Amino acid sequence: IALGLVPNRERLAVRLFWVTEGQADLVWLGQRLNIDYRTAEARIRKGHELLRQHLATLEACHDRILNRRAMGVDNTELQV
């Protein structure tokens, strides 16, 4: 879910980085993405930061739902 919230340019860079398990050279990643290696690095970094932010938001929402459930409050109006 969280990766789908990352803009496509950064998402593609992050996915390619993951597929290569971080072992690929930035020049190669840039060539695969048809961009300069510095741009590839920037997109990978930005994509990971956005992913961390989205995961933190989703985790906070999940925690809120669990806390409200523990208190016996109805969660039907909450949206993630």
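Being a predicted model, the structure only gives us computed values, none of them experimental. Atoms considered below: every heavy atom in the structure, side chains included; atoms not considered: hydrogens, waters and symmetry mates. Numbering of residues begins at 1 and proceeds along the displayed sequence.
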Checking the side chain of Thr39 only, and the main-chain atoms of Ile35 only, is there a donor and an acceptor separated by less than 3.5 Å?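 No; judged by distance alone, with no hydrogens or angles, the pair does not exist.
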Worksheet item: Should we say atom CZ of Arg52 is surrounded by more than 12 heavy atoms from elsewhere, each under 6.0 Å from it?
Response: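 Above 12, so yes.
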**Message:** Would you say that more than 12 heavy atoms from the other residues, nucleotides or ligands in this model lie under 6.0 Å from the CG of Asp63, or not?
**Reply:**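 Result for CG/Asp63: enclosed.
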Kindly compute the distance separating [atom1] ([X]) from [atom2] ([Y]), expressed to the nearest 0.5 Å.
{"X": "Leu29", "Y": "Arg43", "atom1": "CG", "atom2": "CZ", "result": "12.5 Å"}
{"X": "His54", "Y": "Glu49", "atom1": "NE2", "atom2": "CD", "result": "10.0 Å"}
{"X": "Asn67", "Y": "His62", "atom1": "CG", "atom2": "NE2", "result": "9.5 Å"}

Which residue pairs pass the salt bridge (charged side-chain N to carboxylate O under 4.0 Å, His left out) test when at least one of the two sits in residues 2-30, sequence neighbours left out?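 Output for this query lists Glu10-Lys46.
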Heavy-atom pair with the smallest gap, counting every atom of [X] and [Y]:
{"X": "Arg32", "Y": "Leu16", "value": "CB-CD2, 3.5 Å"}
{"X": "Ala13", "Y": "Ala40", "value": "CB-O, 4.5 Å"}
{"X": "Ala2", "Y": "Leu55", "value": "CB-CD2, 3.5 Å"}

Pairwise side-chain contact, [X] with [Y], heavy-atom cut-off 4.5 Å (strictly under):
{"X": "Leu26", "Y": "Ile44", "value": "yes"}
{"X": "Phe17", "Y": "Leu12", "value": "no"}
{"X": "Tyr37", "Y": "Gln31", "value": "no"}
{"X": "Trp28", "Y": "Leu33", "value": "no"}

ask   = Are the charged groups of Arg45 and Glu41 less than 4.0 angstrom apart, N to O?
value =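 Salt bridge: yes.
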| query | Would Leu5 and Trp18 show up in the same hydrophobic cluster when neighbours are defined by side-chain heavy atoms closer than 4.5 Å? | reply |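 As far as the 4.5 Å side-chain criterion goes, Trp18 and Leu5 are not connected within one cluster.
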